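Have a look at the structure below, then the notes.
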Amino acid sequence: MRTITYAQAINEAMSEEMRKDENIVFMGEDIGVYGGAFGVSRGMFEEFGDDRVKDTPISELVITGCAAGAAMTGLRPIVEIMFSDFITLAMEQLANQAAKNRFQFGGQAAVPMVLRTPGGSGTGAAEQHSQSLEAWVCHVPGLKVVIPSTPYDAKGLLKASMLDNNPVVFIEQKLLYRSKGEVPEVEDDYIIPLGKADIKREGKDVTIVTYGRMVQRSLEVAEKFASEGVDIEVIDVRTLVPLDKECLIESAKKTGKVLVVHEACQTGGYGGELASTIVDSDAFFYLDAPVKRLGGLDVPIPYNPNLEALVVPTEEKITAAVRELL
Amino acid sequence: MRTITYAQAINEAMSEEMRKDENIVFMGEDIGVYGGAFGVSRGMFEEFGDDRVKDTPISELVITGCAAGAAMTGLRPIVEIMFSDFITLAMEQLANQAAKNRFQFGGQAAVPMVLRTPGGSGTGAAEQHSQSLEAWVCHVPGLKVVIPSTPYDAKGLLKASMLDNNPVVFIEQKLLYRSKGEVPEVEDDYIIPLGKADIKREGKDVTIVTYGRMVQRSLEVAEKFASEGVDIEVIDVRTLVPLDKECLIESAKKTGKVLVVHEACQTGGYGGELASTIVDSDAFFYLDAPVKRLGGLDVPIPYNPNLEALVVPTEEKITAAVRELL
Amino acid sequence: MGLPKETHEELYTKMVQCREFEEKAAKLFIQGKVHGTAHFCIGEEATGIGVSSALEVEDYILQTHRGHNQGIGKNMDINRMMAEFLGKETGYCKGKGGCMHIADFSVGSLGANGVVGGGLPIATGAAFSQKYKKSDNITVCYFGDGASNEGAFHESLNLAAAWKLPVLFVCTNNLYGMSTSVKKSMAISDISVRASGYGMKGIALDGNDVVNIYEETKKAKKYVQKNGPMLMVLNTYRWMGHSKSDAQLYRSKEEVNEWKEKCPIKRHREFLIESGMFTAEQIKAIDKSAKQDIENAVAYAEASPEPKIEDIFDDVYAD
Amino acid sequence: MGLPKETHEELYTKMVQCREFEEKAAKLFIQGKVHGTAHFCIGEEATGIGVSSALEVEDYILQTHRGHNQGIGKNMDINRMMAEFLGKETGYCKGKGGCMHIADFSVGSLGANGVVGGGLPIATGAAFSQKYKKSDNITVCYFGDGASNEGAFHESLNLAAAWKLPVLFVCTNNLYGMSTSVKKSMAISDISVRASGYGMKGIALDGNDVVNIYEETKKAKKYVQKNGPMLMVLNTYRWMGHSKSDAQLYRSKEEVNEWKEKCPIKRHREFLIESGMFTAEQIKAIDKSAKQDIENAVAYAEASPEPKIEDIFDDVYAD
Ligand SMILES: Cc1ncc(C[n+]2csc(CCOP(=O)(O)OP(=O)(O)O)c2C)c(N)n1
Ligand SMILES: Cc1ncc(C[n+]2csc(CCOP(=O)(O)OP(=O)(O)O)c2C)c(N)n1
Ligand SMILES: [Mg+2]
Ligand SMILES: [Mg+2]
């Protein structure tokens with residue numbers, strides 16, 4: 001095992017697959033010499049050249065559609081949208097075209113593309129650069145949705161996304177780009193199949209269902225509770241669509257107490273899906289307490305760093321929510 | 001009381017308020033002489049002229065932003081997006097600008113606008129003209145979201161939306177446009193405050209929480225169950241944001257059995273929010289059965305009319321879901 | 001140096017087939033046999049048929065909601081088009097798409113689009129593939145005057161120009177987007193001037209002259225292969241309402257009638273006869289056989305099975 | 001017929017204030033006093049200051065992410081700008097927006113925008129209000145070369161032209177959108193040609209000549225009041241990196257240095273002295289006082305309270 005960053009893991013996944021498959025092309029704003037707004041693609045332009053690593057104009061709609069069109073005609077594009085807030089500009093091509101073209105053309109098309117984009121707050125970039133909009137794309141049949149929480153997962157899941165024959169929205173976590181973690185040696189190629197949640201910590205008293213940046217935070221809370229003798233299971237959903245319902249349901253049956261945590265604002269967030277999936281299953285009969293949700297406050301992400309930190313679930317808030325369940 | 005159609009009710013709400021307030025302007029594609037794709041605005045161009053009823057180019061992004069900009073500078077625009085599927089093209093201006101401008105400018109702006117758009121399937125218009133995308137807009141703090149199910153509600157809620165000082169997304173139901181219902185005489189001006197659910201049928205055995213086109217269908221199912229001695233309460237949420245949580249929770253406490261129904265595809269739909277709201281409240285302790293959700297299938301809306309009818313909740317499916325709860 | 005006789009015949013036949021197809025489709029509507037909507041291109045046949053017929057099977061097209069001519073020009077199977085219109089399993093989209101989504105990847109049609117301007121970004125991607133794979137083929141992207149006001153138009157033409165992608169952008173200017181006249185939706189009258197904002201060549205042609213459109217498309221293809229994208233505006237007119245239900249209050253009967261005089265089919269028919277290339281009888285035979293093709297298509301479609309709800313999850317995702 | 005002396009002084013003072021503001025802001029970053037990002041317009045001061053200074057308070061502006069000059073030109077309060085930059089409650093947005101969102105409705109600034117091209121549609125709406133209310137004022141919409149490739153640009157210019165809205169579209173062409181040269185992002189070199197696609201007048205100016213920009217804006221306002229929208233492209237250059245962290249591998253030191261020679265402040269300063277309007281001492285005094293203004297602003301901002309989490313729900317919705 002080696003220790004690399006989350007950004008590096010993503011870079012490796014792309015670069016390694018691009019070496020193997022000439023049909024993979026990569027396009028986005030400032031992904032070339034600049035290396036991407038968060039430096040994720042550094043070195044790729046130098047390695048693959050401007051035929052395959054393409055800086056685009058600032059035109060989110062067309063670059064998403066360009067990827068879809070290229071995917072429908074034999075390539076396997078990766079497109080980067082610099083901040084996930086700007087998928088607002090690309091939703092037409094993503095939801096109406098990429099997601100539906102296979103179905104509405106009666107199976108004639110396949111649209112094997114990955115749309116990578118960073119989500120989340122914490123960088124002081126305020127309202128229009130900090131959103132967590134995964135709920136939108138999870139609500140579009142035809143799309144798959146992935147949010148990795150560690151370098152290991154990021155690499156393995158991105159490879160699976162690139163090998164998938166469907167449009168996959170791969171939402172990265174800005175605040176994790178520099179976080180480090182273990183991944184196998186380069187020779188030990190691996191993928192992590194889409195649709196499998198990961199139990200990041202086993203426990204028997206309470207289940208926390210979460211994903212992305214909140215995984216680490218939940219694990220930290222779990223460790224603190226361990227010293228009190230409360231044993232928390234932390235499930236990292238990883239693939240939001242398709243969802244590993246079984247894993248959630250089994251854990252809920254085991255612990256009888258569930259807390260769903262995500263950074264996205266709570267109302268209309270994917271937490272509703274996660275909680276409801278558990279409640280509308282036989283796990284219901286094992287529940288000892290209401291299934292709690294803890295999302296971000298229903299406000300835009302503010303600029304001031306103190307406010308910014310407090311509008312999303314903090315360790316304190318997670319801890320308090322767990323206590324309510326006990 | 002008079003009997004008018006849902007489309008007429010919407011037309012009346014707009015026309016009556018426009019007569020009272022010169023600052024209301026109305027813009028959208030083909031809303032003028034054509035009267036709108038569904039005939040909702042017939043006669044308005046003739047009455048108010050092309051200064052106030054403005055046919056726009058086919059440019060969903062700018063017409064939404066134009067309304068927001070006009071709202072920020074003293075007008076109270078209504079904008080019509082011809083099919084709700086095309087808010088995909090307007091999400092940037094809606095979610096990043098209209099919804100956030102008040103907050104991100106520290107309260108300097110108000111954005112009193114209404115975005116009206118028809119949602120739902122059933123017209124044979126297929127994948128790109130039949131979606132129910134309310135979940136997206138419900139997940140954007142700063143927006144309010146309304147979906148009326150009757151002419152009475154449509155008129156009263158649209159007036160409230162027009163009088164509100166915030167951006168309101170008002171989602172109409174294509175298949176209800178020609179449905180008829182009672183509304184007060186023209187002299188009896190009324191509004192229905194946003195944020196209040198409506199119990200369309202009282203019952204004590206099971207609660208169905210729903211909105212839009214599924215309200216009538218749920219009521220029909222309820223009537224059938226009544227003959228079996230099962231007494232179903234049907235709650236029409238009406239205002240999705242802000243949500244009348246109290247009403248849902250009280251009903252769940254009363255019946256102990258809840259079914260959430262909506263047309264939008266189930267995964268990631270607003271049903272998750274509705275179900276979770278109940279489960280994560282003290283109503284949990286009154287529940288006798290899992291909170292069930294019944295949404296549309298997780299597929300794009302197909303063209304063939306038989307298929308189209310079967311991918312959304314039918315009376316049969318609602319009935320079966322209720323039976324599971326009994 | 002005119003076109004070979006077979007080409008003239010092909011163009012004529014396809015235009016008549018298209019007209020018959022849509023007239024029949026309109027009747028099926030009235031008979032209540034179709035649920036949904038359709039957009040007819042009657043009067044505009046020369047545009048899609050002139051352009052698509054000039055392409056090879058490996059060239060791609062992106063069709064619009066008003067694209068029967070575009071598809072027939074590209075040699076789509078009329079039976080399967082009709083079956084799709086009737087929502088049958090044998091239709092191009094297995095009955096799931098309807099005529100706003102007909103596609104035939106085997107002849108290079110990457111699909112019609114229900115979203116105005118929706119095909120433009122996709123076209124850049126198809127052309128990107130062609131360029132990336134060093135193919136000599138091009139992508140033709142159809143769209144309307146109304147679509148040229150969408151942001152997608154701008155971003156797509158700009159990207160294609162910046163990357164020198166082999167796309168021929170074909171704007172069918174029928175003077176209206178639904179009820180909205182180009183006079184109200186834009187402050188220009190010649191849409192081809194928009195090309196200059198992208199450093200692109202733009203031309204405007206009589207959209208009712210199928211022969212000229214065909215020849216100009218051949219030339220344009222060569223130009224595009226060598227220089228990158230180009231914009232071709234075809235000025236024409238839609239005879240019917242925008243879709244099923246359209247009272248057409250936004251235009252005068254006189255205007256419609258004036259354009260009916262300029263019927264592209266009549267024009268080509270007269271040319272074929274007057275030039276002595278075909279006799280009136282031969283033309284009649286073509287007309288008759290085209291009519292028969294459509295009858296056959298309806299029979300095929302009507303005899304075809306409905307799609308089954310059990311198959312509904314097919315094709316949501318690829319394996 | 002030159003400008004009055006006070007105008008020259010105003011333009012010069014504002015440019016120096018802007019430069020000082022940003023140089024100070026950059027230092028605060030380095031000192032770790034600011035969380036977040038900022039985009040500096042050093043080298044481009046003449047654009048926003050020249051244009052905004054030519055407007056009246058009732059004229060609206062829509063600012064960009066790189067818009068300190070645009071705001072200072074419109075007489076925004078430097079103290080509150082700095083306080084917002086530091087995220088304080090006394091800031092323009094109560095610390096909730098940061099410098100990507102500074103706005104001052106009292107002087108006609110409808111806000112800076114974090115979304116490239118995000119202000120363009122809003123500008124059409126503001127101008128719509130003005131026209132609807134038969135006001136004589138106009139809206140100025142700032143955006144960059146990069147933004148001119150967004151669909152929002154196209155739709156906004158087209159709508160404004162179709163409706164003859166009183167908007168002056170001002171494109172600050174600093175040759176790059178982040179790292180991407182205009183040579184790569186578009187196939188044209190003169191962005192003002194895009195105006196013709198909308199039937200609009202377009203002009204391109206030296207973006208470092210504050211006096212000419214001021215004068216041309218005055219003229220443009222008259223034109224816009226009478227004829228509807230116009231596009232004005234200001235060609236200039238950004239000296240600093242795109243934002244905080246930018247290694248600037250996409251351009252050469254030589255290119256940057258060439259442009260530094262063309263400093264708009266130096267140019268105006270030399271003009272003021274050489275023309276005899278001001279002495280070198282007077283200029284120094286202005287420089288000093290501008291520096292002091294910024295020091296004061298920092299002091300004001302630093303002394304201001306942090307916003308409180310209890311107030312977080314304020315302003316999500318209006319009553
Ligand atoms: C994005 C979008 N907006 C609106 C519509 C509704 N609509 C369908 S066709 C049409 C008119 C299109 O005009 P044009 O591009 O000129 O094509 P034409 O119908 O004239 O062939 C409209 C407004 C749509 N389908 N998609
Ligand atoms: C829609 C959108 N896409 C991308 C970005 C990231 N971004 C911020 S500024 C910028 C460059 C903008 O270029 P230009 O319009 O020329 O303005 P400049 O920064 O040069 O002043 C980019 C890509 C953004 N903020 N919004
Ligand atoms: Mg048209
Ligand atoms: Mg720039």
Side-chain angles (χ1 to χ4, degrees), chain A residues 60-61 85-97 99-100 103-104 126-128 131 133 135-142 240-241 243 260 264-285 287 289-293 297-300 302-303, chain B residues 60-61 85-97 99-100 103-104 126-128 131 133 135-142 240-241 243 260 264-285 287 289-293 297-300 302-303:
Chain A
E60 286 77 10
L61 183 66
D85 309 72
F86 309 140
I87 63 166
T88 46
L89 286 162
M91 287 310 283
E92 196 284 303
Q93 288 292 312
L94 188 60
N96 289 339
Q97 313 291 337
K100 295 183 174 50
F103 186 87
Q104 69 194 356
E127 290 82 356
Q128 297 171 332
Q131 293 167 85
L133 296 174
W136 290 8
V137 283
C138 289
H139 191 45
V140 180
L240 281 69
V241 177
L243 178 64
V260 174
C265 60
Q266 183 163 315
T267 297
Y270 202 61
E273 184 65 30
L274 300 172
S276 305
T277 297
I278 291 167
V279 173
D280 187 5
S281 78
D282 57 340
F284 174 80
F285 300 102
L287 291 176
V291 172
K292 277 208 78 64
R293 276 187 305 157
L297 299 183
D298 288 321
V299 303
Y303 171 70
Chain B
E60 287 76 9
L61 183 66
D85 310 72
F86 308 140
I87 63 166
T88 47
L89 286 162
M91 287 310 283
E92 195 285 302
Q93 288 293 312
L94 188 60
N96 290 338
Q97 314 290 339
K100 295 184 173 53
F103 185 87
Q104 70 195 355
E127 290 79 358
Q128 296 171 333
Q131 293 168 84
L133 295 174
W136 290 8
V137 283
C138 290
H139 191 44
V140 180
L240 282 67
V241 177
L243 178 63
V260 173
C265 61
Q266 184 163 315
T267 296
Y270 201 60
E273 183 66 32
L274 299 172
S276 305
T277 297
I278 292 167
V279 173
D280 186 6
S281 78
D282 57 342
F284 174 80
F285 300 102
L287 292 176
V291 172
K292 276 208 77 65
R293 275 188 307 157
L297 298 183
D298 288 321
V299 303
Y303 170 70

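Keep in mind the model is a prediction, meaning the values are calculated, not measured. Atom set for the values below is all heavy atoms of this structure, side chains included, hydrogens, waters and symmetry mates excluded. Numbers restart at 1 for each chain; the letters A, B, ... are given by sequence-line order, proteins then strands.
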Query raised in the report: When you measure from the side chain of B:E273 to the backbone N and O of A:G272, does any donor-acceptor pair fall under 3.5 Å?
Result: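 Side chain of B:E273 to backbone of A:G272, a donor-acceptor pair under 3.5 Å: no, none is there.
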Query raised in the report: Quick one: side-chain hydrogen bond (donor to acceptor under 3.5 Å, both in side chains) partners of A:T267, sequence neighbours excluded?
Result: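 Checked A:T267 against side-chain hydrogen bond (donor to acceptor under 3.5 Å, both in side chains); matches are A:D298.
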Query raised in the report: Yes or no on side-chain contact (heavy atoms from CB on, under 4.5 Å) for A:I87 and B:M91, after CA distance, side-chain angles and deciding distance?
Result: CA-CA 9 Å; A:I87 63 166; B:M91 287 310 283; over 6 Å; no
For the atom pair [atom1] ([X]) and [atom2] ([Y]), what is the distance rounded to the nearest 0.5 Å?
X: B:Q97; Y: A:E127; atom1: CD; atom2: CD; result: 11.0 Å
X: A:N96; Y: B:F86; atom1: CG; atom2: CZ; result: 7.0 Å
X: B:Q131; Y: A:K100; atom1: CD; atom2: NZ; result: 3.5 Å
X: A:K292; Y: B:S281; atom1: NZ; atom2: OG; result: 9.5 Å

Query raised in the report: Top residue by heavy-atom pair count (under 4.5 Å) with chain B, among A:A275, A:A95, A:G269?
Result: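 Among A:A275, A:A95, A:G269, the one with the most close pairs to chain B is A:G269.
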**Report entry** Largest heavy-atom contact set with chain B, pairs under 4.5 Å, which of A:L287, A:V137, A:V241, A:I278
**Finding:**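 If we count pairs closer than 4.5 Å to chain B, A:L287 comes out on top.
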If I compare all heavy atoms of [X] with all of [Y], which pair ends up nearest, and what's the gap?
X: B:V291; Y: A:D280; value: O-CB, 3.3 Å
X: A:C265; Y: B:H139; value: O-CE1, 3.0 Å
X: B:F103; Y: A:P300; value: CE2-O, 3.5 Å

With respect to chain A, which residue among [options] yields the maximal number of heavy-atom pairs within a distance under 4.5 Å?
options: B:S276, B:G142, B:A135; answer: B:S276
options: B:Y303, B:Y270, B:F284, B:F285; answer: B:F284
options: B:A283, B:C138, B:A289, B:A126; answer: B:A289

**Report entry** Step-by-step side-chain contact (heavy atoms from CB on, under 4.5 Å) determination, A:T277 to B:R293
**Finding:** CA-CA 9 Å; A:T277 297; B:R293 275 188 307 157; 3.9 Å; yes
**Report entry** A:V260 portion near chain B, given a 4.5 angstrom heavy-atom threshold
**Finding:**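 For A:V260, neither part sits under 4.5 Å from chain B.
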Query raised in the report: According to the interplanar angle, ranging from 0 to 90°, do the rings of B:W136 and A:W136 count as parallel (below 30°), tilted (30 to 60°) or perpendicular (above 60°)?
Result: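 The arrangement is parallel - the two ring planes meet at less than 30°.
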Query raised in the report: Pairs in or reaching into residues 85-95 of chain B: which pass salt bridge (charged side-chain N to carboxylate O under 4.0 Å, His left out), with residues at least two apart or in two chains?
Result: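 Listed once each, the pairs would be none.
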